[in-house]
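Structure first, commentary second.
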Number of protein chains: 2
Amino acid sequence: MIRFAKRFIKMLNMSKKPTLQTVAQKAGVSIPTVSQVLRGTGRISAKTQKKVMDAAKALHYVTDGRAASMRSGQTSEIGMIIHYIANPFNAELISGVSDTLEKEGYLVSILDSQDNVERQQRNIEAFIRSSRGALLWVPATNTPHDTLDLLNTHNLPIVTFLRGAYEGIFDHVGIQNEAATSCATEHLIHLGHSKIAYFGGVGASETRIRRVEGYEKALRANGLDYSLVWDAKDDKVSGLEAMLSLREKHPEVTAIVCNGDVVALGASHALRRLGEVPGKSFSIVGFDDIQDASTATPPLTTIAIEPYNFGIKLAQVLINRLKNPKSPTATTLLPFELKIRATTDVPIADNS
Amino acid sequence: MIRFAKRFIKMLNMSKKPTLQTVAQKAGVSIPTVSQVLRGTGRISAKTQKKVMDAAKALHYVTDGRAASMRSGQTSEIGMIIHYIANPFNAELISGVSDTLEKEGYLVSILDSQDNVERQQRNIEAFIRSSRGALLWVPATNTPHDTLDLLNTHNLPIVTFLRGAYEGIFDHVGIQNEAATSCATEHLIHLGHSKIAYFGGVGASETRIRRVEGYEKALRANGLDYSLVWDAKDDKVSGLEAMLSLREKHPEVTAIVCNGDVVALGASHALRRLGEVPGKSFSIVGFDDIQDASTATPPLTTIAIEPYNFGIKLAQVLINRLKNPKSPTATTLLPFELKIRATTDVPIADNS
DNA sequence: CAACAATGATATATCGTTATATCAATTGTA
DNA sequence: TACAATTGATATAACGATATATCATTGTTG
């Protein structure tokens, strides 16, 4: 059961706000007539239309979406719940989604769950309370079943993305995580590395599990038995610190496959601080291809996923779902590309 | 006059959605009773309260905010319009705002105007239509008067931020732009630079005008007559390219005061590409102190503004406004700090 | 014990729209 | 000319909640 928000905004000066009533009076017609003109039903004469439009414009009339939505059972508001807004990959993705959906007349609100299930629950309740008509969702790690019950009761169209925890139940737009890290790992193996670690991420999010699987699969396929997963939170400073401790505790490791470009760049920075040269003494493969990946020194070898395009694709999948509510759920996996730049090379033993 | 959004979402399966009616029936009480229990008016007996709460929980009831808001004249939804979401400074700022306001029970929706006045107009209309109760706003460059008319008609509490175009009219939370760039410029002058350019930004946004003024004021105060403003869009690649062309066309310039860290880092990268060393052959001062500023090579001398704290402060100013609707409008300027790192030094002529 | 206040629950009107049904005025056809 | 069909506008009910007024039922007091 949901309690109300603690604080409310008392709307000021309600008297000033124009309504259909106000416009109808000024135009000298009835309320339904104004409503029809504004919605463009085409059942009103040109002369009356002009009168109404003029009045509405003069009064700066804007439809009250709450009333309209309540009566018509339709809405143009879409909610999005993501685990971390400020990450540059996600921020670009959000831009792609918003631009596409706004162009179609929708309004997107974004909430940051911080990958926390209680916060996610509150976010979903907030969206239901505010009558969002659809949801774009990155499910938080260990989402409880109660959350699904809530979503199911209120029955809104949902597209999950990035994390494929509910493929088949909802539409999904994702990344070929397993294939991508396999590809990255094989790239390092072909260069001659045998002590390769998986670097970055924390805990068992869907995405990370898949990526680690891809990494391990590539190791197995090439008969390598050394395997190591090293945690690091998803920011540059954490990547830097984790790399320093990795070098100290596991000097045998000569290459890492990273959970994201941000930690990869942090790791790269750590190497330079240790007087090493990324790509020479040690190889690094990133993930995401954020803008900084190509402009960093040295430029980062990474898995490229274009976040803005991902956002566009995600928006399109949602639009499709809304147009065809009855169609079966589908999963869309976007392609990736391994961009080989300067942070990967043959291991130093073979090199010297 | 505002037309409706082009597309709507037809809400499915309305029958399943629980309402006060449903809960009242299950609990065996009247609708107003349920409403009172859920709002916690305290006028209902403990025994009845329990019956109602149990029923509501079992049905996964969530209040319909549209109906509640329409009837009560109160809302907990806040809109935010910013010129660019994906910029890391802004993304962090947004996190600060959202976290603070969510904690207080508000729901924040963010729209990206892309500093385009038509798009901004549509954004504002969307927010009015969707009955946001307050607005956090970075006014787009050259905002027309019609936009202000619209805002004025619908009369919602507004706090502008970053760009102080409407100080006195609305509450404002900003940066001491002029003082900050003056400080940065004087730092360079004291090091011995005399050919200093202002670098980055495009067009005449409020913020940029103030910053350029601060730069020029410092030049005048120190009797320097060389002055140059060099455009660059606010991303790293544009900063890189602009720097290359600046070096080519104005080799006399030995230092730049930047409009933001992102372009400053691009410029720094361009120097390295030219075989120069930022801080040795050429000095750079950034603006914002984003995370990358301190971890870059070399670490960037910059004006520090903590975006997350800025967001918190902004949220607090809004909360204050909502609590005291009648209080006079106020402007809050957050302090800055010049962080001297490695990209500024005495000019090369004196150095060699 | 009558009169009155306090308590707990309910009846009713209302917020601003849109959907449906209705009605008046106009046009077309036999 | 009469009657149906069409067009243009309106009257009315409903969406789901809350505010206000009301109504029983208790408990209190002189």
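Note on naming: letters A, B, ... go to the chains in the order of the sequence lines (proteins, then strands), and numbering restarts at 1 for each one.
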* **Residue list, side chain to side chain contact (heavy atoms under 4.5 Å, CB included) with R71(B), at least two apart or on another chain** => none

* Asked: Got a sec, which residues hit side chain to side chain contact (heavy atoms under 4.5 Å, CB included) with L20(B), two or more places apart in sequence or on another chain?
  -> I31(B), V34(B), S35(B), L38(B), Y61(B)

* Structure fact -> Across all chains, not counting sequence neighbours, the side-chain hydrogen bond (donor to acceptor under 3.5 Å, both in side chains) partners of T100(B) are none

* Asked: Looking at V117(B) and N142(B), what are the two nearest heavy atoms and their distance?
  -> CG1-O, 3.4 Å

* Among dA17(D), dG16(C), dT18(C), find the nucleotide with the atom closest to the side chain of A67(A). => dG16(C)

* Structure fact -> Among the nucleotides dA17(D), dT18(D), dC15(C), whichever has the atom closest to the side chain of Y61(B) is dA17(D)

* Structure fact -> Once base and sugar-phosphate atoms are separated, protein heavy atoms under 4.0 Å mark nucleotides 6-13 of chain D, 5' to 3', with B, S and - as --BSBBBB

* Asked: When you look at Q114(A) and R119(A), which way does the side-chain hydrogen bond (donor to acceptor under 3.5 Å, both in side chains) test go after all the steps?
  -> CA-CA 8 Å; Q114(A) 295 179 343; R119(A) 196 169 155 141; 3.2 Å; yes

* Kindly write out the residues that satisfy salt bridge (charged side-chain N to carboxylate O under 4.0 Å, His left out) with E206(B), not counting sequence neighbours, or none if the list is empty. => R210(B)

* Answer yes if the side chains of S69(A) and Q74(A) hold a donor-acceptor pair under 3.5 Å, and no otherwise. => no

* To do: Report the distance from atom CZ of R66(A) to atom P of dT18(D), rounded to the nearest whole Å.
  => 13 Å

* Please report how far the helix from dC1(C)-dG30(D) to dA30(C)-dT1(D) bends, comparing the axis fitted to its first five pairs with the axis fitted to its last five, to the nearest 10 degrees. => 60°

